[in-house]
Amino acid sequence: MTLPPPIRVGDVVIDPPLVLAPMSGISDLAMRRLCREGGAGLVCNEFVSGVALFYGNERTQEYLRFDEIERPVSCQIFGADPDKLAIAARLVEEAGADILDLNLGCAVPKVTKTGAGACLLRTPAAVGRLVRAMVAAVSLPVTVKVRLGWDNGCRNAAAIARIAVAEGAQLVAVHGRTATQGYRGEADWAAIGEIVAAVPEVPVVGNGDVRSGPDAAALLAASGAAGVMIGRGAEGDPGIFGRVAEYLRTGHEPPPPSAAERLALARRHGDLVVEYRGDERAGREMRKHLAWYSHGLYDATTFRTDINKAPDWSTMKQLLDAYGARLAEHGAQLTAQAAAVADGAPPVLVEGYTG
Ligand SMILES: Cc1cc2nc3c(=O)[nH]c(=O)nc-3n(C[C@H](O)[C@H](O)[C@H](O)COP(=O)(O)O)c2cc1C
């Protein structure tokens with residue numbers, strides 16, 4: 001077991017080489033900050049439309065807010081027009097991102113119908129033009145994130161990576177599925193190795209289905225990648241990066257956070273969203289996060305039902321406190337039962353408690 005060395009991309013050092021994946025609607029400032037604190041060596045923002053940036057869309061500017069505390073941070077943009085992406089790239093640089101990434105993996109129709117995202121995998125020459133325009137526009141390192149190809153008949157990520165690198169891309173992240181596969185099946189970690197072999201001059205970061213230290217070790221072993229990118233595994237668990245790093249260093253994965261620690265993290269997460277985006281926004285944003293933080297805990301369904309009715313973050317915090325008290329009481333009951341069992345009383349089985 002070895003933790004790979006830090007990745008260097010231009011002046012940026014990714015240490016440890018564990019990356020929070022760009023996730024639309026999820027990897028906002030608060031999430032990125034928590035994941036940096038949780039041990040990620042690089043965090044990526046939610047993708048930003050190059051066209052919206054080009055036209056000066058005000059709401060889109062919000063996606064270009066970065067905080068010193070989260071550095072290094074990568075900003076991903078999507079688009080299909082080299083001139084517009086060049087302007088967007090400059091705006092990203094002015095906003096203070098450390099790395100500029102091009103999305104070549106998003107398969108949602110809203111994006112692909114504009115010719116952007118994963119459908120660019122079917123037009124390799126266009127990828128070359130886009131990367132060239134971005135590299136010429138900024139002094140930031142430019143990177144790309146791809147899937148294995150558009151579909152099984154077109155698994156051409158290695159060729160795409162070669163083109164992107166020839167035009168100046170300095171890192172390639174690969175989600176080990178094709179675009180038409182969506183999230184079905186399993187990520188093909190060995191196939192990521194074909195891209196590693198195709199562009200030996202730049203680091204390749206492997207991505208897909210990593211939820212633990214052993215997963216990360218298996219991805220690295222199967223692919224030879226220089227680092228690991230984690231997306232869904234960080235939902236409700238921003239500390240996963242530190243645990244994965246520890247596993248890769250020592251072969252031992254620290255235990256996941258306890259129920260009380262998870263609720264404390266959830267509280268801090270919501271407070272950070274308030275700090276960055278206000279109370280009303282936090283109310284909307286935190287529903288999904290609270291569902292993830294409480295996943296698998298005792299009586300989480302009741303908690304989530306209550307949360308879904310809460311109008312704002314202040315109310316959610318009260319519900320969090322009440323839920324925390326309920327969990328503590330339940331934990332005390334379990335301890336009492338365990339003591340009684342040790343004393344010879346018949347065991348009482350309580351299902352659904354994993355805290
Ligand atoms: C809700 C959600 C939003 C995503 N948004 C983006 C995005 O904006 N840009 C991108 O390149 N990938 C995006 N992805 C894909 C992830 O970056 C990642 O490649 C994928 O989830 C596989 O990694 P995982 O198994 O660790 O989650 C998104 C994934 C999810 C689940």
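Along the sequence shown, residues carry numbers from 1. Start at 1 and go down the list; that is how both ligands and their atoms are numbered.
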So for Gln76 against ligand 1, with non-hydrogen atoms under 4.0 Å, the contacting part is side chain

Under 4.0 Å from any heavy atom of Ala21, which atoms of ligand 1 are there?
17 (O)

Ser24-ligand 1 polar pair, N/O distance under 3.5 Å:
yes

Would you call the rings of His269 and Tyr293 parallel, tilted or perpendicular if under 30° counts as parallel and over 60° as perpendicular?
perpendicular

Looking at the rings of His295 and Trp292, which for Trp means the six-membered one, are their centres under 6.0 Å apart?
no

Nearest protein heavy-atom contact for atom 17 (O) of ligand 1: which residue, which atom, what distance?
Pro22 O, 2.8 Å

Filter on salt bridge (charged side-chain N to carboxylate O under 4.0 Å, His left out), then keep only pairs touching residues 138-166, sequence neighbours left out; what's left?
Arg155-Asp188

Backbone or side chain, does any N or O of Phe47 fall under 3.5 Å from an N or O of ligand 1?
yes

What side-chain donor-acceptor pairs closer than 3.5 Å can you find for residues 99-106, not counting sequence neighbours?
{"residue": "Asp101", "atom": "OD1", "partner": "Thr143", "partner atom": "OG1", "Å": "2.6"}
{"residue": "Asp101", "atom": "OD1", "partner": "Val144", "partner atom": "N", "Å": "3.3"}
{"residue": "Asp101", "atom": "OD2", "partner": "Gln76", "partner atom": "NE2", "Å": "2.9"}
{"residue": "Asn103", "atom": "OD1", "partner": "Gly105", "partner atom": "N", "Å": "2.9"}
{"residue": "Asn103", "atom": "OD1", "partner": "Cys106", "partner atom": "N", "Å": "2.9"}
{"residue": "Asn103", "atom": "ND2", "partner": "Gln76", "partner atom": "OE1", "Å": "3.1"}

Contact (N/O only, under 3.5 Å) between Gly231 and ligand 1:
yes

contact_flag Gly25 ligand 1 heavy-atom lt 4.0 Å
no

Distance under 4.0 Å to a non-hydrogen atom of Ile26: what atoms of ligand 1 satisfy this?
1 (C)

So if I count the atoms of ligand 1 from 1 in the order they appear, which ones are less than 4.0 Å from some heavy atom of Asp209?
24 (P), 25 (O), 26 (O)

Has ligand 1 got any nitrogen or oxygen that is less than 3.5 angstrom from a nitrogen or oxygen of Glu46?
no

Assess Phe78 for proximity to ligand 1: is some non-hydrogen atom of it under 4.0 Å away?
no

The atoms of ligand 1 lying under 4.0 Å from a heavy atom of Arg232, numbered in the order shown, are 21 (O), 24 (P), 25 (O), 26 (O), 27 (O), 31 (C)

Salt bridge or not between Glu280 and Arg284? Use side-chain N to carboxylate O under 4.0 Å.
yes

Could you check whether the rings of Tyr298 and His330 sit parallel, tilted or perpendicular, using 30° and 60° as the cut-offs?
parallel

Any idea which protein heavy atom is nearest atom 30 (C) of ligand 1, and the distance to it?
Tyr183 OH, 3.7 Å

Tell me the contacting part of Asn207 for ligand 1: side chain, backbone, both, or neither, using a 4.0 Å heavy-atom threshold, strictly below.
side chain

